Amino acid sequence: MPPSDLRRPFKRPPISDQEKRRVESLLRQAQNRQNAQRHTRFLVSTVLTLPSQSYVPESQLELTESVFSSGSNSLENLDVVGASKLKAAEARKWFAKQLMLPEWMIDVPNNLAQDWFVFARPSGKRCFVVSCNGTTISRLRNGSILNRFPSALPSGARKKESGSSQSYSILDCIFHELDQTYYVIDMVCWRGYSLSDCTAEFRFFWLNSKLAESGACEPPSYYHKYRFSLVPVYGCDSNGLQDSNSLQDSNGLQAAYSAPVPYVKDGLLFYNKHAHYQAGITPLALVWKDENCSQYVMDTDSKGQVPNQQQVVLELQEDGKLTTSDDPPIVFGCLDGSFIQQSGLHSGCLVRFSIGEGGLILMDGKLEKADLHYLGKANRARGSADSFSKVMFQYSIRHSPLKIDVLLESVSSPVDQESTACDIEMDG
């Protein structure tokens, strides 16, 4: 007689490389809390003064401390004066690291139902919105000003009731051009109180509570040029919205995927409930797309066409290695010194390649080999190389896409989520 199921040995499937990075990121953020407030004050100062070469008051010079306790990249340790002197490409690289950028979902996270929020990402321009000293400024990832305007945010307009001049707020937004609305997807700071070292669960609660109270969600007026709006945030297994006053009888993930919204969708964003707001690419925030929730699932070329072969943009290092934008970067290959010289390339160049029939070969979630074919330099407006997760997501779309049915099954199945990690075949 065979042993009962309870006595059978349980073999846990291997954890993906992305899952390992999620665990490591949660452990690492606990060690970085002491720099969160200093980082926020520094960011406000830089957002307001980056393009200006003018005099910086001593009160703002106090904000020019190093914002990272360690790091080999000198750009990370620049003060306000130094950041204002950066050239376009360096400014883009510096500012791109201030936003919290999601990895692309290449596997289903453990405990997706219990530990993750999800919402439909608005299509538009990702930006920081900072209100301070009676004005409001929105800046794109490349550091350029999108809009300068009065708003109902704290200290966002020059009026008596706008609040203390020393107060400032930072919102992570997407500007949706069709309805001229800033959709707020995260709150970094509110009235001088940094939320960077708070969990996403608390930040979303605070955002829901405070934004409406400020009047920022009201229609435009003389002291409030653009409307701000919240996006519906769901728990992946929730029966309703994160806002407890707006309950709906539907699965949260299904609602985020299919429920109507007042904006054009561009995929789904997943946030780990325990994640702090950490600058740069993080596995604790994930983006996922398919053709039903995004107009742009597969990358297109300069003509707007999907190329026959996947293309990737990598950064050339001094030793000839080709790396992603991740920290630490992932090495995809290496160029010969003579080829670099003949092609007019140099260290720091962004170079475009196509992935040939050999595809990408992985071992335990890590890249072993890539069949790269040189295409040329990337567009000069490009700010950084592709991330590893983006390359892998685009690769999976062409070979074995992670579909919505798999995600829905992972949050509805009674089986322990830790034993149902999704393994996606990436080899070509």
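The figures that follow rest on heavy atoms only: side chains count, while hydrogens, waters and symmetry mates do not. Note that the coordinates shown come from a computational prediction; the quantities given were computed from them, not determined experimentally. Heads up: numbering here begins at 1 and tracks the sequence.
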Check [X] against [Y] and note the closest heavy-atom contact, atom names and distance.
X	Y	value
Val351	Gly376	CG1-O, 3.5 Å
Ser131	Pro154	OG-O, 2.8 Å
Leu350	Ala385	CD2-N, 3.8 Å
Ser410	Leu112	OG-CD2, 3.4 Å
Leu284	Arg22	CD2-O, 3.6 Å
Gly348	Glu315	CA-OE2, 3.8 Å

With a cut-off of 6.0 Å (strictly less than), are more than 12 heavy atoms of other residues, nucleotides or ligands near [atom1] of [X]?
X	atom1	answer
Glu318	CD	no
Asp319	CG	yes
Tyr374	OH	yes

Problem - Member of Val312, Val313, Leu314 meeting the side chain to side chain contact (heavy atoms under 4.5 Å, CB included) criterion with Thr324 - result: Leu314
Is any side-chain heavy atom of [X] closer than 4.5 Å to a side-chain heavy atom of [Y]?
X	Y	result
His346	Leu316	no
Ser155	Tyr168	no
Val391	Leu360	yes
Thr136	Val129	yes
Gln295	Val264	yes
Phe175	Leu146	yes
Gln305	Thr300	no
Leu101	Arg141	yes

Can you check whether [Y]'s main-chain N or O pairs, donor with acceptor, with [X]'s side chain at less than 3.5 Å?
X	Y	value
Arg203	Cys189	no
Gln18	Met105	no
Asn111	Gln114	no
Thr181	Asp179	yes
Ser396	Phe393	yes
Trp288	Leu402	yes
Arg227	Tyr182	no
Gln180	Glu177	yes
His274	Leu26	no

Between [atom1] of [X] and [atom2] of [Y], what distance do you get to the nearest 0.5 Å?
X	Y	atom1	atom2	answer
Phe270	Phe119	CZ	CZ	10.0 Å
Gln317	Thr323	CD	OG1	3.5 Å
Phe128	Asp186	CZ	CG	9.0 Å
Leu171	Lys210	CG	NZ	13.5 Å
His276	Arg28	NE2	CZ	12.5 Å
Arg126	Ile174	CZ	CD1	6.5 Å

Could you tell me if [Y] and [X] have a donor-acceptor pair between their side chains, going purely by distance under 3.5 Å?
X	Y	value
Ser387	Asp326	no
Ser209	Glu213	no
Tyr226	Asn147	yes

Thinking salt bridges, do [X] and [Y] make one under a 4.0 Å N-O criterion?
X	Y	result
Lys273	Asp115	no
Lys390	Asp299	yes
Arg21	Glu103	yes
Lys403	Asp290	no

Practice task
List the steps and the verdict of side-chain contact (heavy atoms from CB on, under 4.5 Å) for Leu211 and Leu230.
Solution key: CA-CA 8 Å; Leu211 193 66; Leu230 296 166; 3.7 Å; yes
Handout entry: Phe117 ring center within less than 6.0 Å of Tyr234 ring center
Key = no
Problem - Centroid separation Tyr183 to His176 less than 6.0 Å - result: yes
Problem - side-chain contact (heavy atoms from CB on, under 4.5 Å) between Leu322 and Phe353, worked out - result: CA-CA 10 Å; Leu322 299 162; Phe353 295 86; 3.4 Å; yes
Problem - Full working for side-chain contact (heavy atoms from CB on, under 4.5 Å) between Gln278 and Ser25 - result: CA-CA 10 Å; Gln278 46 189 294; Ser25 186; 3.3 Å; yes
Handout entry: ring-ring contact (aromatic ring centres under 6.0 Å, His included) partner of Tyr271, chosen from Trp116, Phe204, Tyr277
Key = Phe204
Practice task
Take Leu268 and Val287, measure what side-chain contact (heavy atoms from CB on, under 4.5 Å) needs, and give me the verdict at the end.
Solution key: CA-CA 6 Å; Leu268 299 182; Val287 60; over 6 Å; no
Practice task
Determine the interplanar angle of the Tyr395 and His399 rings, folded into 0 to 90°, and report it as parallel if under 30°, tilted if 30 to 60°, perpendicular if over 60°.
Solution key: parallel
